[in-house]
Amino acid sequence: MAITAAMVKELREMTGAGMMDCKKALNETNGNMDEAVEFLRKNGQAKAEKKANRIAAEGLCAVVVKNDTEAAVVEVNSETDFVAKNDTFKAFVDAVANQAVASDAADMDAFMAEKWNEDDSKTVQDALVEKVAVIGENLKIRRFQKVTAENGCVVSYVHGGGRIGVIVEAETDVVNDTVKEAMTNIAMQIAALNPKYVSRDEVSAEYIAHEKEILLAQIQNDPKESQKPEKVINGIIEGRVSKELKEICLVDQVYVKAEDGKQSVAKYLEQVSKEVGTTVSVKRFVRFETGEGLEKKNEDFAAEVAAQMNA
């Protein structure tokens, strides 16, 4: 029996399974709709896939630190903020974070294929699918990152009940409570002000050149500023680039707990270094914010079906 796009569309609407899964089910059952539904149910696709088509942009970030030298941050998404506050979901996110800190996976595909630490008869993907069935919403393990300190320690900070998760790696020959407290303060700084780099050394020449090009174009389009001498214009550009770098580079930012309201993070680190008798610096940091960069898609369902049918 010829399988049509209309049949695939009908089966997908009935089960929520993926289009190619629906097409396969109809082929396997010679177009019998009831048998196709049963086929999908037996393969577990009619339940999990239905939810997988829904946008998951809420959720939680979680961080696990191990022995002060290893840490992992994960983001697990749900469809609603209500589920993100659910204890079952929170426990699952914590389990994923513990999985990540013990993982050697280099990417998400490898991570999802790993044996689930809480039940090695399953993979991480299997555990996720089961949790989708239990909670009743689409869930997604979106990303993870692991940090291992080579000479120093790692600290973490979670803000807003899991909305933001931060890891900071300190490079230092001394690891004590003073250093850990300082790094926690800096992790709070990162959560609040969202720097992009540790220092200007990490900013590429290409990035700076591009910013200067944009600023020059802005000045040239300004009737007043465009009339200024070239030397003055260059000074304006340098000043604006410097101001931007102070906002996006961690050590150039004003330290959020500065008593005088002026002390930079770099000066704060110098202060801590004097206290502990050795240089303390931030080697790197990771900052995850739940849902950042996620956008809902406006899809043409009919066109999507046609494209998949022709694949």
Side-chain angles (χ1 to χ4, degrees), residues 61 63 71 73 143 145-157 159 164-175 178-220 222 225 228-289 292-293:
C61 294
V63 186
V73 56
R143 53 182 173 163
Q145 190 161 336
K146 184 176 176 179
V147 175
T148 301
E150 297 174 3
N151 180 41
C153 65
V154 290
V155 299
S156 67
Y157 174 69
H159 179 74
I164 297 171
V166 177
I167 297 172
V168 178
E169 178 186 351
E171 188 159 26
T172 173
D173 292 330
V174 173
V175 177
T178 300
V179 171
K180 291 179 186 178
E181 181 182 358
M183 289 301 111
T184 301
N185 289 337
I186 288 175
M188 293 170 64
Q189 170 103 16
I190 293 164
L193 297 185
N194 193 17
K196 305 302 179 188
Y197 307 96
V198 172
S199 70
R200 299 187 186 203
D201 294 338
E202 295 181 357
V203 184
S204 70
E206 290 79 10
Y207 176 87
I208 293 176
H210 180 65
E211 290 304 298
K212 287 183 176 181
E213 182 182 328
I214 291 173
L215 290 167
L216 178 59
Q218 290 174 352
I219 290 172
Q220 289 173 338
D222 186 294
E225 290 193 333
K228 293 179 180 179
E230 182 179 351
K231 184 177 180 180
V232 174
I233 289 175
N234 288 336
I236 292 172
I237 291 173
E238 291 295 335
R240 289 179 182 174
V241 168
S242 179
K243 182 180 179 182
E244 180 182 348
L245 291 177
K246 284 183 178 179
E247 293 174 354
I248 65 174
C249 296
L250 172 66
V251 295
D252 287 340
Q253 290 181 341
V254 174
Y255 175 48
V256 290
K257 290 188 174 183
E259 293 181 2
D260 61 1
K262 297 178 181 179
Q263 183 187 38
S264 67
V265 172
K267 291 296 183 183
Y268 172 61
L269 285 170
E270 287 179 12
Q271 175 187 319
V272 174
S273 297
K274 288 179 182 178
E275 288 180 28
V276 299
T278 189
T279 300
V280 179
S281 61
V282 174
K283 185 172 182 180
R284 60 175 162 162
F285 65 83
V286 181
R287 181 187 187 276
F288 280 6
E289 183 167 351
E292 61 186 341

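- For D252, the side chain to side chain donor-acceptor pair (under 3.5 Å) criterion is met by R200, not counting sequence neighbours.
- Proximity of L216 to Q220: side-chain heavy atoms (C-beta onward) are separated by under 4.5 Å at one or more points.
- Atom-to-atom distance recorded for E213:CD and I237:CD1 is 10.5 Å, nearest 0.5 angstrom.
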- Decide salt bridge (charged side-chain N to carboxylate O under 4.0 Å, His left out) for E225 and R240; before the verdict, give the C-alpha distance in whole Å, the side-chain angles of both, and the deciding distance to 0.1 Å. CA-CA 14 Å; E225 290 193 333; R240 289 179 182 174; 2.8 Å; yes
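- The heavy-atom pair separating V280 from S273 by the smallest distance is N-OG, 2.9 Å.
- The distance from the OG1 atom of T172 to the NZ atom of K180 is 12.0 Å, given to the nearest 0.5 Å.
- Taking SG from C153 and CD from E171, the interatomic distance works out to 11.0 Å, rounded to the nearest 0.5 Å.
- In this structure the side chain of Y157 never reaches within 4.5 angstrom of the side chain of I190, judged on heavy atoms.
- Considering all non-hydrogen atoms of both residues, V174 and V276 come closest at CG2-O, 4.3 Å.
- Summarising the geometry, atom CD1 belonging to I164 is positioned 5.0 Å from atom NE2 belonging to H159; distances are rounded to the nearest 0.5 Å.
- Heavy-atom contacts from other residues, nucleotides or ligands closer than 6.0 Å to CD of E292 number more than 12.
- The side-chain contact (heavy atoms from CB on, under 4.5 Å) with V73 is formed by just one residue from the set V166, V286, V147; it is V286.
- Within the 4.5 Å cutoff, the side chain of Y268 has no heavy atoms near those of the K257 side chain.
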Can you give the donor-acceptor pairs under 3.5 Å from side chains of residues 202-211 to other protein atoms, not counting sequence neighbours?
unit_1	atom_1	unit_2	atom_2	d
E202	OE1	V198	N	3.0
S204	OG	Y207	N	3.0
Y207	OH	E244	OE2	2.6

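- Using a 4.5 Å heavy-atom cutoff, the side chains of L250 and Q253 are in contact.
- What you find for P195 and C249 is that their closest heavy atoms are CB-C, 4.4 Å.
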- Going through the distances and angles, do V63 and F288 end up as a side chain to side chain contact (heavy atoms under 4.5 Å, CB included)? CA-CA 10 Å; V63 186; F288 280 6; over 6 Å; no
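- Contact record, V251 with S264: O-CB, 3.7 Å, taken as the closest heavy-atom pair.
- Separation of atoms CD1 (I167) and CZ (R287) is listed at 13.5 Å; rounding is to 0.5 Å.
- If you take CZ on F285 and CE on M183, they are separated by 12.5 Å, rounding to the nearest 0.5 Å.
- Counting heavy atoms from C-beta on, the side chains of Q189 and V265 come closer than 4.5 Å.
- The backbone N or O of V179 sits nowhere less than 3.5 Å from a side-chain atom of E275 that would complete a donor-acceptor pair.
- Between C61 and G165, the shortest heavy-atom contact is CB-N, 3.9 Å.
- Judged as a side chain to side chain donor-acceptor pair (under 3.5 Å), and not counting sequence neighbours, the contacts of K212 are E238.
- Residue G261 comes nearest to V254 through the heavy atom pair O-CG1, 3.5 Å, listed as atom of the first residue, atom of the second, then distance.
- Between Y197 and L245 the shortest side-chain heavy-atom distance does not fall below 4.5 Å.
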